[in-house]
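Note sheet for the following structure.
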Amino acid sequence: MKIRLVYTPSIIQEPLIAEIILETGAKININRADIGAVSGEMVVDVPEDKYNRVVRLFRDKGLKISLLHQPIFRDDARCIACGICTLICPIGVFTIEEDWSISLEAERCIQCGVCVAVCPTSALALSEGEV
Ligand code: SF4
Ligand code: SF4
């Protein structure tokens, strides 16, 4: 299950992911990490069977979390099937189908935001997730 984590300055230097992996044994997969000196954000995948415990620990340790059921949305009425997103997405969320339509596997998105920035019709948007 995909989650976005937001660090605050008071915890940015703490090895929180390592601590939670050791405490729970959960195989937490870091999809994307933007960590700076005073703030940071990560998108991680958490195994479903450990989800409740891991989320409780994230919160206890001071991380703000939001669950990303569908990390990216497309407004199909705006999409002109130009294909730019298929070229630029680093993990291949978009695919050109035989009929030239563009399919997407939204659940694989790591919210890098690149496709949102280049889509010529502003058809794409990142999800805020559920808090
Ligand atoms: S870049 Fe935008 S308009 Fe082009 S195929 Fe992707 S979603 Fe559609
Ligand atoms: S934000 Fe767009 S480019 Fe980035 S991973 Fe998600 S679908 Fe791909």
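Whatever order the structure lists ligands and atoms in, that order sets their numbers, starting from 1. Keep in mind that the numbers below use all heavy atoms, side chains included, and drop hydrogens, waters and symmetry copies.
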Checklist line | Ligand-residue contact atoms, ligand 1 with Thr121, heavy atoms, under 4.0 Å | finding: 3 (S)
Item checked: Residue Ile80 vicinity, atoms of ligand 1 by number, heavy atom under 4.0 Å -> 3 (S), 8 (Fe)
Item checked: For atom 8 (Fe) of ligand 1, closest protein heavy-atom neighbour -> Cys79 SG, 2.4 Å
Note to self: Looking at atom 6 (Fe) of ligand 2, is there an N, O or S atom belonging to Cys89 that lies under 2.8 Å away from it?
What the structure shows: no
Note to self: Assess, by modelled atom type and distance only, whether the side chains of Ser103 and Glu97 contain a donor and an acceptor separated by less than 3.5 Å.
What the structure shows: yes
Notebook entry, point to check: Which residue supplies the protein heavy atom nearest to atom 6 (Fe) of ligand 2, what is that atom called, and how far is it?
Noted result: Cys109 SG, 2.3 Å
Next item on the list: Give the atoms of ligand 1, by number and element, whose distance to some non-hydrogen atom of Gly83 is under 4.0 Å.
Entry: 4 (Fe), 5 (S)
Check: Does some non-hydrogen atom of Ile88 fall short of 4.0 Å from ligand 2?
Finding: no
Item checked: For atom 1 (S) of ligand 2, the protein heavy atom that lies nearest, with its residue and separation -> Gly113 N, 3.2 Å
Margin query: Can you report which non-hydrogen protein atom sits closest to atom 4 (Fe) of ligand 1, along with the distance?
Written below: Cys82 SG, 2.3 Å
Note to self: With heavy-atom distances below 4.0 Å as the criterion, list the atoms of ligand 1 near Leu124.
What the structure shows: 7 (S)
Check: In terms of residue, atom name and distance, what is the protein heavy atom nearest to atom 2 (Fe) of ligand 1?
Finding: Cys119 SG, 2.3 Å
Next item on the list: Using a strict 4.0 Å cut-off to heavy atoms of Phe94, name the atoms of ligand 2 that fall inside it.
Entry: 7 (S)
Notebook entry, point to check: atom 5 (S) of ligand 2: which of Ile110, Leu104, Leu87, Thr86 has the nearest heavy atom?
Noted result: Ile110
Check: Which value, rounded to the nearest 0.5 Å, describes the distance between Tyr51 atom OH and Leu67 atom CG?
Finding: 4.0 Å
Note to self: For the CD atom of Glu19 and the NZ atom of Lys61, what is their distance to the nearest 0.5 Å?
What the structure shows: 4.0 Å
Checklist line | Atom pair CD1 (Ile3) and CZ (Phe58), whose distance is rounded to the nearest 0.5 Å | finding: 5.5 Å
Checklist line | Shortest non-hydrogen contact between Cys89 and Phe94, atoms and distance | finding: CB-CD1, 3.9 Å
Next item on the list: Assess the side chains of Gln111 and Arg4: does a donor N or O sit below 3.5 Å from an acceptor N or O?
Entry: yes
Note to self: Please determine whether Cys115 has a backbone or side-chain N, O or S atom lying under 2.8 Å from atom 2 (Fe) of ligand 2.
What the structure shows: yes
Item checked: Contact with ligand 2 for Pro90, non-hydrogen, under 4.0 angstrom -> yes
